[in-house]
Amino acid sequence: MDRARAARRAALAGAGVQLLHLAPAAVRLTPLRRTVARGLAGRGTDPRHIALTFDDGPDPRSTPYVLDALDRLDVRATFFLLGAMLERAPDLGRELTERGHEAAVHGWHHRQQWYPAPARDLRELRRATEAVAELCGARPRWYRPPYGVLTAGPALAARRLGLRPVLWTAWGRDWTEQATGDSVYATARPGLTGGATLLLHDSDCTSAPDSWRATLAALPLIAAHCQTRSLTLGPLRHHALR
């Protein structure tokens with residue numbers, strides 16, 4: 001009986017730890033992000049500014065095309081970089097900052113952190129942060145967890161490393177096989193209002209092959225939409241986050 005009671009208590013304690021670990025991830029739910037987690041979602045206070053952000057790079061197959069497109073549009077953005085990708089293309093990380101863009105942290109690997117592992121979370125996030133600082137030439141300020149799932153371990157690690165977690169308020173679903181420039185723009189358009197943070201991808205390393213081409217095709221449409229409404233696209237450093 002005592003063993004059974006102890007086993008139940010251990011199971012409840014384990015469930016409690018797991019619940020505490022997953023609790024911050026609730027901010028991924030849209031209603032919470034619109035209310036209590038507006039700053040975490042990336043809602044800025046400037047009614048004329050939209051933060052343009054890209055995840056999953058840098059990728060030599062696609063990121064240079066995105067950088068060239070942004071140059072043509074005279075737009076700067078924030079790139080949330082994966083440490084493992086940056087390690088393979090360090091010159092590209094330096095290039096994007098030299099071209100006026102902002103480098104941020106997306107983790108070392110693109111995987112969900114469903115189970116508590118605080119030592120691992122801190123180790124991997126520190127490794128990614130140091131890689132961005134060294135290879136891009138600027139200390140990062142922002143962290144976006146893979147899949148937008150911010151659990152307790154990475155949240156605490158980000159705080160220790162001086163990173164502010166930022167998710168998004170709008171996206172283009174540009175990671176799917178069916179995505180086109182028109183579909184990415186149509187999906188993003190309702191959320192393209194002042195103070196929004198837009199999520200796009202400059203790599204297909206975790207997406208459908210060549211899906212980044214849809215992103216590339218959507219960029220002029222998104223820029224034109226903002227221009228006609230006197231909205232400015234720019235990096236998070238100019239976003240006046242709440």
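The residues of the chain are indexed from 1 along the displayed sequence.
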I need the minimum non-hydrogen distance between [X] and [Y], along with the two atoms involved.
X      : Y      : answer
Ser183 : Gln178 : OG-O, 4.3 Å
Leu231 : Pro47  : CD2-O, 3.7 Å
Pro58  : Ala89  : CG-O, 4.1 Å
Val132 : Ala104 : CG2-O, 4.0 Å
Ser211 : Ser207 : OG-CB, 3.3 Å
Leu86  : Gly93  : CD1-CA, 3.7 Å

Flag yes if [X] and [Y] sit in one hydrophobic cluster, no otherwise; membership is Ile, Leu, Val, Met, Phe, Trp, Tyr, and two members link when side-chain heavy atoms are under 4.5 Å apart.
X      : Y      : answer
Leu122 : Leu156 : no
Trp108 : Phe80  : no
Leu221 : Phe54  : yes

### Message
Checking side chain to side chain contact (heavy atoms under 4.5 Å, CB included) between Pro145 and each of Asp121, Val105, Leu167, Leu125, which is the one that passes?
### Response
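Of the listed residues Asp121, Val105, Leu167, Leu125, the side chain to side chain contact (heavy atoms under 4.5 Å, CB included) partner of Pro145 is Leu167.
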### Message
Checking side chain to side chain contact (heavy atoms under 4.5 Å, CB included) between Thr63 and each of Leu92, Leu81, Asp68, which is the one that passes?
### Response
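Among Leu92, Leu81, Asp68, the one that satisfies the side chain to side chain contact (heavy atoms under 4.5 Å, CB included) with Thr63 is Leu92.
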### Query
Is Asp204 salt-bridged to Arg61, going by a charged N under 4.0 Å from an acidic O?
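A salt bridge links Asp204 with Arg61.
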### Task
Inspect the contact between Glu87 and Arg127 and indicate whether a charged nitrogen and a carboxylate oxygen are less than 4.0 angstrom apart.
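Yes, this pair counts.
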Separation of [Y] [atom2] from [X] [atom1] (nearest 0.5 Å):
X      : Y      : atom1 : atom2 : value
Ser62  : Asp202 : OG    : CG    : 5.5 Å
Leu199 : His201 : CG    : NE2   : 4.5 Å
Thr129 : Leu161 : OG1   : CG    : 5.0 Å
Leu82  : Asp55  : CG    : CG    : 8.0 Å
Thr232 : Asp46  : OG1   : CG    : 7.5 Å
Thr97  : Glu102 : OG1   : CD    : 10.5 Å

### Query
Below 6.0 angstrom between ring centroids: does that apply to His110 and Tyr147?
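Centroid distance His110-Tyr147: below 6.0 Å, so yes.
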### Message
Quiz question: by atom type and distance under 3.5 Å, do the side chains of Asp174 and Thr215 form a donor-acceptor pair?
### Response
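Yes, side-chain donor-acceptor contact under 3.5 Å.
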### Query
Are Asp56 and His106 close enough that a side-chain donor and a side-chain acceptor fall under 3.5 Å?
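A pair is found: one side chain offers a donor N or O, the other an acceptor, under 3.5 Å apart.
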#### Entry: Tyr65/Trp212 under side chain to side chain contact (heavy atoms under 4.5 Å, CB included): CA gap, chis, key distance, verdict
CA-CA 9 Å; Tyr65 291 97; Trp212 60 270; 3.7 Å; yes
### Query
CZ of Arg160: more than 12 outside heavy atoms within 6.0 angstrom?
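Counting other residues, nucleotides and ligands, CZ of Arg160 stays at 12 neighbours or fewer.
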### Task
State whether the number of non-hydrogen atoms from other residues, nucleotides or ligands found under 6.0 Å of Glu177 atom CD is greater than 12.
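Count not over threshold, so no.
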### Task
List for me each residue that meets ring pair (Phe, Tyr, Trp, His ring centres under 6.0 Å) alongside Trp142, sequence neighbours excluded, and say none if there are none.
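None.
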### Task
Could I get the full list of ring pair (Phe, Tyr, Trp, His ring centres under 6.0 Å) partners for His225, not counting sequence neighbours?
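Counting only residues at least two positions away or on another chain, His225 forms a ring pair (Phe, Tyr, Trp, His ring centres under 6.0 Å) with Tyr185.
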### Message
Quick one, Leu73 with Ile222, criterion side chain to side chain contact (heavy atoms under 4.5 Å, CB included). Give me CA distance, side-chain angles, the key distance, then yes/no.
### Response
CA-CA 10 Å; Leu73 297 168; Ile222 292 169; over 6 Å; no
### Task
For the pair His49 and His238, name the ring-plane relationship: parallel under 30°, tilted 30 to 60°, perpendicular over 60°.
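Geometry flag for His238 against His49: perpendicular rings.
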### Task
Would you please test Cys205 and Met85 for side chain to side chain contact (heavy atoms under 4.5 Å, CB included) and show each step?
CA-CA 9 Å; Cys205 69; Met85 296 291 287; 4.0 Å; yes
### Task
Please lay out, stage by stage, how Phe79 and Leu67 fare under the test side chain to side chain contact (heavy atoms under 4.5 Å, CB included).
CA-CA 11 Å; Phe79 287 78; Leu67 294 177; 3.8 Å; yes
### Message
Is there a side chain to side chain donor-acceptor pair (under 3.5 Å) between Arg144 and Thr53? Walk through the geometry before answering.
### Response
CA-CA 10 Å; Arg144 176 175 289 159; Thr53 68; 2.9 Å; yes
### Query
When you measure from the side chain of Arg164 to the backbone N and O of Arg141, does any donor-acceptor pair fall under 3.5 Å?
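Side chain of Arg164 to backbone of Arg141: no pair is present.
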### Residue pairs involving residues 223-241 (criterion salt bridge (charged side-chain N to carboxylate O under 4.0 Å, His left out); sequence neighbours excluded)
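Matches after skipping sequence neighbours: none remain.
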